[in-house]
Amino acid sequence: MKRSTLAVLLMAALPSAYAATFTPTRFDDPSPNGCLATDCSLREAVIAANATSAEDTIVLSSGTYTLSRGCTTDSAQCLDLDVTQPVKIIGVSRTASVIANDAPWFINPMNPVATDRRETRVIDIATTGKVSLEKLTLRAGALRGSSGNGANGGCLRSLGATVNLNDVRITDCETAVAGSGGGVATVGGNLSITNSMIDFNDAVTDGGGIHASGTRINGSAAQISDNVAAGRGGGISTDGQTLWLGGSTVARNSATVGGGIDRWLRADQINITGGSSPVAADRLIIEDNVASVMGGGIHSRRTSCSAEPSCTAPAASFLNLSVRRNEAGASGGGMHVFVEGSGGNWVTIRDASFSANISSQQAGGLYLNLSTGMNSVAERLSFWDNVATLHGGAVYHLGGTTLRHISSTRNIAQQGASLYFGAASDPLAPRVDHWTTHAEGPDAVFMGRPVQFYASAFDSACSGPAIDLGNNFKRNDVGGACPGTAVTSAQLGMAFGINFGNQPAVTINVGSVLRNAALQAPVGTRDARGYLRQGMADVGAFEFDGVP
């Protein structure tokens with residue numbers, strides 16, 4: 001083979017272009033005519049990057065890049081920035097480099113008819129490759145009059161891409177008519193959010209901050225705050241895969257259902273988690289959110305696995321959360337979970353604290369409606385200062401979840417300040433192991449059906465049919481139907497401690513009768529704080545000699 005022929009073949013095998021860097025030289029939005037070295041708008045830079053399959057880089061300066069070109073049909077030449085190939089857009093900082101929409105709403109502003117709709121978001125991504133936004137702000141995108149999937153994503157929409165947001169702010173964006181994702185809307189792909197803010201966005205349907213369908217969301221140090229959805233998920237609405245945001249905050253959002261997060265359910269897993277460790281710095285904080293109906297902090301629901309055509313992993317995990325000061329108009333001030341089905345279905349709630357949440361009806365802290373056939377577990381939880389006007393200050397329970405290693409104190413409700421078990425048709429009695437209720441009442445535990453208790457401690461009254469599985473203790477001067485050995489308050493030796501382990505919990509003192517009063521702790525068993533139990537376990541949620 002001739003050398004010249006070989007060279008041609010090698011060139012044909014290379015990517016269509018090497019990665020290039022484009023630096024816009026102007027902040028306005030003229031009619032595109034090419035990205036020149038001394039005359040290049042941001043739109044022209046994006047068009048140039050789309051012309052190659054390489055992951056090009058666009059470098060922004062300090063200032064506001066204004067998108068002002070309106071037209072009757074959305075295209076790369078006008079309205080939002082259409083990204084069709086992998087690209088990095090990197091600014092100076094999220095306060096210095098801003099991309100803002102300023103396109104006209106209608107051809108005739110005095111007569112806005114349906115045909116004059118505008119897709120005036122800021123960035124629209126239509127690639128399955130990687131798109132990275134760094135050190136910049138997207139602002140003022142809005143969709144008013146759009147319909148279908150085109151109505152989603154007030155500032156940013158992605159259809160199948162891997163989107164990385166690093167030190168980015170997305171703010172002051174909205175969707176109207178039937179639109180979801182006031183700030184961001186994604187379909188498929190992945191969304192990574194690191195050290196970024198998504199705030200002050202509105203959606204007329206779901207996901208004031210983010211609406212994700214079939215998208216894995218992950219990241220750290222994210223702040224999703226002050227967003228509003230008229231439907232579900234004031235901060236985040238997701239019906240797809242895992243939501244994993246360690247060391248992040250979802251705060252001051254509002255919606256009808258799921259003030260902070262709404263996790264509507266598909267045939268795959270339901271995961272809402274903080275980071276890989278339950279320590280406070282790695283948790284996902286859900287705070288100060290409001291739902292007018294249910295799930296002030298978090299709402300999550302799925303139907304029976306049998307109703308889903310591709311139900312291969314019917315599971316749910318809620319891990320490493322701090323849920324505080326949220327409010328619901330009906331039920332689940334902190335969190336509302338309803339999962340139907342049996343067999344392979346299961347739910348795990350672990351390493352989470354619920355404090356100062358409020359519900360106008362049931363479940364100030366946590367609402368659980370789960371089938372006994374699901375073998376579900378809620379463990380290593382702490383509840384304090386939650387309020388329900390009617391039932392279940394800390395926990396309102398339907399179904400058959402096992403509750404274990406849980407601390408509850410100072411919660412308030414008319415019935416079941418600590419625990420309220422509603423009547424249910426499930427054939428198996430729910431089980432409670434190593435539960436502590438402290439300074440609650442006058443009715444701390446209400447049992448509308450038989451409930452099994454093991455190694456639990458009560459210093460307030462219970463009502464209903466308790467089943468004593470052994471090693472339970474109760475305060476002797478409060479009466480009621482709590483199971484176990486009656487002792488004085490001083491013998492119980494309880495107090496609320498706020499500086500222990502991964503989360504506050506009701507502690508016991510050195511002379512408490514609860515010390516070493518249960519059976520040998522299985523290897524790896526941890527108390528409400530996440531501390532390892534040692535030898536003969538202590539009764540209740542706290543292990544006096546626990547090891548971090």
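Since the model is a prediction, treat every value here as computed from it, not as a measurement.
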Is N164 close to K130 at the side-chain level, that is, under 4.5 Å between some pair of heavy atoms?
yes
Taking the side chain as every heavy atom from C-beta outward, state whether T348 and F318 have any pair of such atoms under 4.5 Å apart.
no
Spacing of CG belonging to L321 relative to CD1 belonging to I298, to within rounding of 0.5 Å
5.0 Å
Please tell me whether H405 and D527 have a donor and an acceptor in their side chains that are separated by less than 3.5 angstrom.
no
Side chain to side chain contact (heavy atoms under 4.5 Å, CB included) between V131 and T162, worked out
CA-CA 6 Å; V131 175; T162 293; over 6 Å; no
Pair D385-T409, side chain to side chain contact (heavy atoms under 4.5 Å, CB included): steps then yes or no
CA-CA 7 Å; D385 296 335; T409 185; over 6 Å; no
Between Y454 and H434, does the ring centre distance come in under 6.0 Å?
yes
When you compare the side chain of L165 with that of L191, does any pair of heavy atoms fall below 4.5 Å?
yes
Is N289 reaching over with its side chain to a backbone N or O of S254, donor-acceptor style, under 3.5 angstrom?
no
The reported gap from OG1 in T507 to CG in D538 (rounded to nearest 0.5 angstrom) is 11.0 Å
Could you tell me whether the side chain of V187 reaches within less than 4.5 Å of the side chain of N152, counting heavy atoms only?
no
To the nearest 0.5 Å, what is the distance between OG (S408) and CH2 (W384)?
11.0 Å
Does a donor on one side chain sit under 3.5 Å from an acceptor on the other, for Q223 and S225?
yes
Do the side chains of F383 and L366 get nearer than 4.5 Å, heavy atoms only?
yes
Contact check, side chains of S276 and D282, non-hydrogen atoms, under 4.5 Å
yes
Spacing of L514 atom CG and E543 atom CD [to the nearest 0.5 Å]:
11.0 Å
Quick one: pull up OG1 in T194 and CD in E134 and give me the separation to the nearest 0.5 Å.
9.5 Å
Using the ring-ring contact (aromatic ring centres under 6.0 Å, His included) definition, which of the options F473, F458, W435 pairs with F453?
F458
Looking at every heavy atom in both A517 and N471, which two are closest together, and how far apart are they?
O-ND2, 3.0 Å
Look only at the side chain of S359 and the backbone of G364, and say whether a donor-acceptor pair between them is shorter than 3.5 Å.
no
Check: Y531 ring centroid to F542 ring centroid under 6.0 Å:
no
Kindly indicate, with the supporting measurements, whether the criterion side-chain hydrogen bond (donor to acceptor under 3.5 Å, both in side chains) is fulfilled by Q503 and R380.
CA-CA 9 Å; Q503 60 193 4; R380 302 203 296 263; over 6 Å; no
Might you point out which heavy atoms bring I272 and R263 nearest each other, and give the distance in Å?
CD1-CB, 3.7 Å
Considering non-hydrogen atoms only, spot the tightest contact between L398 and R449 and give its length.
C-NH2, 3.9 Å
S382 (side chain) donor-acceptor with P504 (main chain) under 3.5 angstrom
yes
Donor-acceptor check, side chain of N201 to backbone of G154, threshold 3.5 angstrom: yes or no?
no
Sub-4.5 Å side-chain heavy-atom contact between L403 and F421
yes
What pair of heavy atoms forms the shortest contact from P483 to A466, and how long is it?
CD-CB, 4.0 Å
Counting C-beta onward and ignoring hydrogens, is there a side-chain heavy-atom pair between I349 and L368 closer than 4.5 Å?
yes
Can a side-chain donor-acceptor contact be found between D199 and T171 if the only test is distance below 3.5 angstrom?
yes
Are any of the side-chain nitrogens in R515 or D545 under 4.0 Å away from the carboxylate oxygens of its partner?
yes
Of the non-hydrogen atoms in A291 and G259, which two are nearest, and what is the gap between them?
CB-N, 3.6 Å
So that I can tick it off, tell me whether R252 and D288 are bridged by a salt bridge, with the cut-off set at under 4.0 angstrom between side-chain N and carboxylate O.
no
Search all heavy atoms of V478 against all heavy atoms of A461 and return the closest pair with its distance.
O-CB, 3.7 Å
Apply the test side chain to side chain contact (heavy atoms under 4.5 Å, CB included) to residues V487 and N476: give CA-CA distance (whole Å), side-chain angles for both, the deciding distance (0.1 Å), then the verdict.
CA-CA 5 Å; V487 297; N476 64 2; 5.9 Å; no
Rounded to the nearest 0.5 Å, the CG atom of N218 sits from the CG atom of N190 at a distance of 7.0 Å
Output yes when R232 and D262 qualify as a salt bridge under the 4.0 Å nitrogen-oxygen rule, no when they do not.
yes
What residues, two or more places apart in sequence or in another chain, satisfy side-chain contact (heavy atoms from CB on, under 4.5 Å) together with Q415?
H391, Y420, D443, F446
Side-chain donor or acceptor of S512 paired with backbone N/O of L492 under 3.5 Å
yes
Donor-acceptor pair, distance only, cut-off 3.5 Å: does the side chain of N326 make one with the backbone of I286?
yes
Inspect the contact between D167 and K135 and indicate whether a charged nitrogen and a carboxylate oxygen are less than 4.0 angstrom apart.
no
Exercise: do Q491 and R475 side chains pair donor with acceptor under 3.5 Å:
no
When you measure from the side chain of N357 to the backbone of N386, do you find a donor-acceptor pair of N or O atoms at a distance under 3.5 Å?
no
Is a side-chain donor-acceptor pair under 3.5 Å present for S355 with S353?
no
Main-chain N/O of L284 paired to N320 side chain as donor or acceptor, under 3.5 Å:
no
Step-by-step side chain to side chain contact (heavy atoms under 4.5 Å, CB included) determination, D351 to R283
CA-CA 9 Å; D351 295 313; R283 289 199 168 185; 3.9 Å; yes
Test your reading of the model: is there a side-chain donor-acceptor pair from T249 to the backbone of A251, 3.5 Å cut-off?
no
Counting N and O atoms only, with roles assigned by atom type, does the side chain of T137 sit under 3.5 Å from a partner on the main chain of T95, one being a donor and the other an acceptor?
no
